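So the structure is just underneath, and the comments pick up after that.
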Amino acid sequence: MESFNNLMQTEIYGGKSLSDLVTLEFLAEVLGSVVAAVVILLAGFIVASWVKRRIVALGDTHASFDVTLFHFLGNLARYVILAFAVLFVLNTFGVKTTSIIAAIGAAGLAIGLAMQGALSNVAAGVMIILFRPFKLGDFIEVDGEMGTVKDINLNNTVIASLSNLKVIIPNSEVWGNTITNYSSFDTRRAEWTFGVGYGANLAVAERVIRETIMSDSRSHSDPEPFIQVNELNSSSVDFLVRVWVDAAEYFQYQADMKRKVKEALDVAGVDIPFPTRTIVQAEPGAQENEASQAA
């Protein structure tokens, strides 16, 4: 019985013994704190979700706004509100939040030093989202990978390759490399080199190339196309051709024109040369005769 009494008098929480804690007043106080904490957390989640939805909706309202940036800002605002809600809950239970914040800061520093690689991806993700070198749906090339941007988050960028493969690139590799964005501008300049034989009529060849390319509805007449003799190779006279086209049609257009120009030159009778090699075979015993004459 004496041991039980000693147990009841043992200090447990806030200078109070177990006998003090089992009182109705204390239990009511604890219950009130728990109810207040639950209410604060529920209110925090509701407010955080509402703020996030409003920020994201603001980005969806105007087509000129970058949706990715507003999703990032919405998530950031949500986490900040939830963090404040947790601090209010701790205050409700009498916990000194200043010491906790200091401890979190020290722990954050240690974790940051141990996770420099992961944090560099996060920092690069923030830079990508803020400066927007590309956005969702853009066709880009970065770190040797080419494809359509499907997702941008704080850790990595996800693109769909030309073979429709999911390629995940760490943001530090994206931000630290040269980024080629094929979707930034509405138009692109297609370029080809067409070679004709030295015996071909250059005026006819140029006219066939120009008429074939400009007859395609995808070709832009403004700016003026560039079609001129550019180089005299060992077996051909090369025409350099540059024509502007809508960026969305660039790849198919460039492939189509190669075939159309080749077929048009064939119909016009313009010779398209290809490298040839002449092999001269020495007669048997020729080397021995030359050696004996030299001796």
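The model shown is predicted, which means the values in this text are computed figures rather than measured ones.
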Answer yes or no: is there a side-chain heavy-atom contact under 4.5 Å between Thr157 and Asn171? yes
Value for OG1 (Thr180) from CE (Met146), rounded to nearest 0.5 Å, stands at 7.5 Å
When rounded to the nearest 0.5 angstrom, what is the spacing between CG in Leu82 and NZ in Lys52? 10.5 Å
Looking at side-chain heavy atoms only, is the closest gap between Pro133 and Ile128 below 4.5 Å? yes
On a heavy-atom basis, the closest approach of Met214 and Ser221 is CE-CA, 3.9 Å
Any Ile168 side-chain heavy atom under 4.5 Å of Lys166 side chain: yes
Asp246 and Tyr253, any side-chain heavy atoms less than 4.5 Å apart: no
CA sep, side-chain torsions, deciding dist, call: Val245, Thr187, side-chain contact (heavy atoms from CB on, under 4.5 Å): CA-CA 6 Å; Val245 65; Thr187 58; over 6 Å; no
Which of these, Met257, Lys260, Arg218, sits in a side-chain contact (heavy atoms from CB on, under 4.5 Å) with Ile213? Met257
Are Val86 and Phe45 co-members of a hydrophobic cluster defined by side-chain heavy atoms under 4.5 Å apart? no
Within a strict 4.5 Å, meaning less than it, do heavy atoms of the Val208 and Val204 side chains meet? yes
Do Leu202 and Tyr198 share a hydrophobic cluster (ILVMFWY, side-chain heavy atoms under 4.5 Å, transitive)? yes
Can you give me the closest heavy-atom contact between Phe194 and Lys258, atom names plus distance? CE2-CA, 4.3 Å
Using only atom types and a distance under 3.5 Å, with no angle test, would you say the side chain of Asn153 pairs donor to acceptor with the backbone of Asn155? yes
Answer with yes or no whether the hydrophobic clustering places Tyr250 together with Val241; edges join I, L, V, M, F, W, Y residues whose side-chain heavy atoms lie under 4.5 Å apart. yes
Could you check Val149, Thr148, Val158 and say which one makes a side-chain contact (heavy atoms from CB on, under 4.5 Å) with Leu136? Val149
Measure the shortest side-chain to side-chain distance between Phe251 and Arg188 over non-hydrogen atoms and say whether it is less than 4.5 angstrom. yes
Taking all non-hydrogen atoms of both residues, which atom of Ile40 and which atom of Ala85 are closest, and how far apart? CG2-O, 3.7 Å
Compare every heavy atom of Ser161 with every heavy atom of Val167, then report the nearest pair and how far apart it is. CG2-CB, 4.1 Å
Correct closest heavy-atom pair for Gly195 and Ser236 would be CA-CB, 4.3 Å
Donor-acceptor contact below 3.5 Å, side chain Asn121 vs main chain Ser172: yes
Do you know the tightest heavy-atom contact between Ala264 and Thr212? CB-OG1, 3.2 Å
Straight-line distance of Trp244 CH2 to Glu191 CD, nearest 0.5 Å: 11.0 Å
Cluster link Phe239 to Ile272, ILVMFWY, side chain under 4.5 Å: yes
Rounded distance [0.5 Å steps], NZ in Lys135 versus CG in Asn181: 7.0 Å
State which residue, out of Leu240, Ile209, Val261, Val243, fulfils the side-chain contact (heavy atoms from CB on, under 4.5 Å) condition with Trp192. Val243
Is the count of non-hydrogen atoms from other residues, nucleotides or ligands lying under 6.0 Å from Arg242 atom CZ greater than 12? yes
Look at the rings of Phe139 and Tyr182 and say which category their plane angle falls in: under 30° parallel, 30 to 60° tilted, over 60° perpendicular. tilted
Applying the side-chain contact (heavy atoms from CB on, under 4.5 Å) test to Ile169, which of Asn156, Asn177, Ile159 qualifies? Ile159
Hey, any chance Val267 and Val196 share a hydrophobic cluster, counting ILVMFWY side chains that come within less than 4.5 Å of each other, even indirectly? no
Quick one: CD1 on Ile46 to CG on Leu41, what's the gap to the nearest 0.5 Å? 11.0 Å
